[in-house]
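Take a look at the structure below.
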Amino acid sequence: MEALKKKFADKALPMAGQIKQFVKEHGNTVIGDITIDKVYGGMKSMIGLVTETSKLDPEEGIRFRGLTIPELREKLPRAVGGFEPLPEGLFLLMLLGEVPTQEEVFALSKMLSERAEVPAHVFAALDALPKTTHPMTQFSIGVLACRTESVFGAAYDKGLNKKDYWNATFEDSINLIAKLPRIAAYIYRRTYFNDDHIAPDPSLDWAANFAKMLGYDTLDMKRLMRLYLTIHADHEGGNVSAHATHLVGSALSDAYYSFSAGMNGLAGPLHGLANQEVIKWLYQLQDEIGTKSPTKEQISDYVKKTLSEGKVIPGYGHAVLRKTDPRFSVQQDFYRRYIGQDDLCETVQLVYEVVPGILEATGKVKNPWPNVDAHSGALLVHYGFTQYDFYTVLFGVSRSLGVLAQLIWDRALNHPIERPGSVTTEWMMKKAGL
Ligand code: HAX
């Protein structure tokens, strides 16, 4: 841990000084316009945040420290005999800005295993909840219950020098990332498998151990989990889960409070919950039409019916992207490479052929193309993971990598408390000259 911290500090701490100087010299440079439609339109494309870990291009998709998803698949270290990148490698890339070595990634896997123990009271807090509690509610509560372990919280109570905020946040972030698979797997096994829990295997990497604790100790599932936890990790800073984590963290709330806040945002159906909504919607389609292999015409009718009921087509559209999400394409590739034939995945493909044209024809949807959530559930269902209301928890475990890497940067760069101005509609109308 000390070597990793030193590497980070050597990179981040001088940058804090450079940014201070940069803002002093160039603070008046104008970088955008604020217009009334942007403020009422959810601040889309209005630059208001600095995020180091990744950048989203509307036409091309996400780049993590400059690398696209196909590049990650090629360049990041893999498990021994594995085909997909290890998500630990992506965390190091986002944190340090350089592709890590195999040894660095294995060392992080080991460190996460060593820190994975979850205090008994966290499980007791989860056990106090009805099993019908949505898994995302349980997940957020589990994270908060773990806050007793916060190094930042304890150090701040005693009096923590500003210069050491990043160090305590580093500890909390690594500890939390280490514990999340255990918390999530506990929720999964208590909710769907009558509390038949599975012990962790500290010799496995973070994703493979998670798959095992969930109950999927197969090569297929380890491979899928490594890819899944890599591609969901980050999507620059303005999406709801990343922004909520950053915002709450700006009040110096520690990693547990901040990440839990991010998860409450991820649990919304317009954000991470869309992955469960996609499968629910596909199952309803199959039920209504009475076949597991609907035709394009049947899908088209069902899409139009969904829209006529005032509902969105889950898994389609995006606030920033204007093309097919590369996170969707990589899952298509995974399907073709490792699975080949599956009714639900074939339906996902037909939906892809049908939906964009229909959404485009509405004349209002800015991006008719699929996002990450349009495909992920079908791959899980193929391997027998059918409990779709748990899917957003998987997304959440992955998202910890990006938002917590950024939280460490936030503290190292001394980002201040976030506090944008707000106005009334009356103010807006006066400003427009009405
Ligand atoms: N189905 C039907 N209508 C849609 C739509 C979709 N998939 N996507 C957008 N629209 C509608 C909007 O509801 C909006 O309608 P109104 O003007 O009547 O309110 C109109 O098209 C314009 O919206 P937009 O500017 O294109 O989209 P936004 O930036 O406002 O919203 C969303 C982006 C992702 C929330 C939106 O596309 C959506 O609701 N998609 C379905 C839910 C989904 O898949 N969410 C996951 C997104 C990716 C993610 O965060 N994953 O975690």
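All values reported here derive from a predicted model rather than from experimental measurement. Whatever order the structure lists ligands and atoms in, that order sets their numbers, starting from 1.
Residue Arg327 places no N or O, backbone or side chain, under 3.5 Å from any N or O of ligand 1. Below 3.5 Å of separation, one finds no N or O of Phe395 facing any N or O of ligand 1. Considering backbone and side-chain atoms alike, Val372 places every N or O at 3.5 Å or more from each N or O of ligand 1.
Between Asp254 and Arg147 a salt bridge is recorded (basic side-chain N to carboxylate O distance below 4.0 Å). Taking a cutoff of 4.0 Å between a charged side-chain nitrogen and a carboxylate oxygen, Arg73 and Asp333 qualify as a salt bridge. Taking 4.0 Å as the cut-off between side-chain N and carboxylate O, Lys222 and Glu84 do not count as a salt-bridged pair. Asp127 and Arg190 are joined by a salt bridge, as a carboxylate oxygen and a charged side-chain nitrogen come within less than 4.0 angstrom of each other.
Nearest-residue assignment for atom 24 (P) of ligand 1 (options Lys311, Arg322, Lys366; heavy-atom criterion): Lys366. Nearest to atom 52 (O) of ligand 1 by heavy-atom distance, out of His235, His271, His232, is His271. If you check each of Leu273, Ile313, Ile358 against atom 6 (C) of ligand 1, the one with the closest non-hydrogen atom is Ile313. With Pro269, Gly317, Pro368 as candidates, the residue nearest to atom 42 (C) of ligand 1 on a non-hydrogen basis is Pro269.
The side chain of Asn371, and not its backbone, has at least one atom closer than 4.0 Å to an atom of ligand 1 (non-hydrogen atoms only; side chain from C-beta on). At a heavy-atom distance under 4.0 Å, atoms from both the backbone and the side chain of Ala319 approach ligand 1.
The main-chain N or O of Leu321 is found under 3.5 Å from a side-chain atom of Asn367 such that the two form a donor-acceptor pair.
Screening Arg63, His243, Lys55 against Glu236 for a side chain to side chain donor-acceptor pair (under 3.5 Å) leaves a single residue, Lys55.
With a 4.5 Å cut-off on side-chain heavy atoms, Leu252 and Phe152 count as touching.
Distances below 4.0 Å separate heavy atoms of Gly272 from the following atoms of ligand 1: 52 (O). Near Lys44, meaning under 4.0 Å from one of its heavy atoms, ligand 1 places the atoms 28 (P), 29 (O), 30 (O). Counting the atoms of ligand 1 from 1 in the order shown, those under 4.0 Å from a heavy atom of Leu307 are 2 (C). The His318 neighbourhood of ligand 1 comprises atoms 33 (C), 34 (C), 37 (O), 48 (C), with distances under 4.0 Å to a heavy atom of that residue. Atoms of ligand 1 lying under 4.0 Å from any heavy atom of Ala274, numbered from 1 in the order shown and given with element: 43 (C), 44 (O), 45 (N), 46 (C). Near Gly315, meaning under 4.0 Å from any of its heavy atoms, are these atoms of ligand 1: 43 (C), 44 (O).
Remark: distances from the non-hydrogen atoms of Asp373 to ligand 1 include one below 4.0 Å.
Here Arg327 contributes atom CZ and Gln332 contributes atom CD; the two are 14.0 Å apart, rounded to the nearest 0.5 Å.
Note that atom 46 (C) of ligand 1 has protein non-hydrogen atoms nearby, at separations under 4.0 angstrom. Protein heavy atoms are absent from the space less than 4.0 angstrom from atom 12 (C) of ligand 1. Distance check for atom 31 (O) of ligand 1: every protein heavy atom is found at 4.0 Å or beyond. For atom 27 (O) of ligand 1, the nearest protein heavy atom lies 4.0 Å away or farther.
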Derivation of the side-chain hydrogen bond (donor to acceptor under 3.5 Å, both in side chains) call for Glu288 and Gln284: CA-CA 6 Å; Glu288 212 159 292; Gln284 280 163 1; over 6 Å; no
List the steps and the verdict of side-chain contact (heavy atoms from CB on, under 4.5 Å) for Ser250 and His415. CA-CA 7 Å; Ser250 82; His415 283 317; over 6 Å; no
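Closest protein heavy atom to atom 39 (O) of ligand 1: Leu270 CD2, 3.3 Å.
No donor-acceptor contact under 3.5 angstrom links the side chains of Asp342 and Tyr383, judged on distance only.
The aromatic rings of Phe8 and Trp409 stand perpendicular to each other, their planes meeting at an angle above 60°, with 30° marking the opposite boundary.
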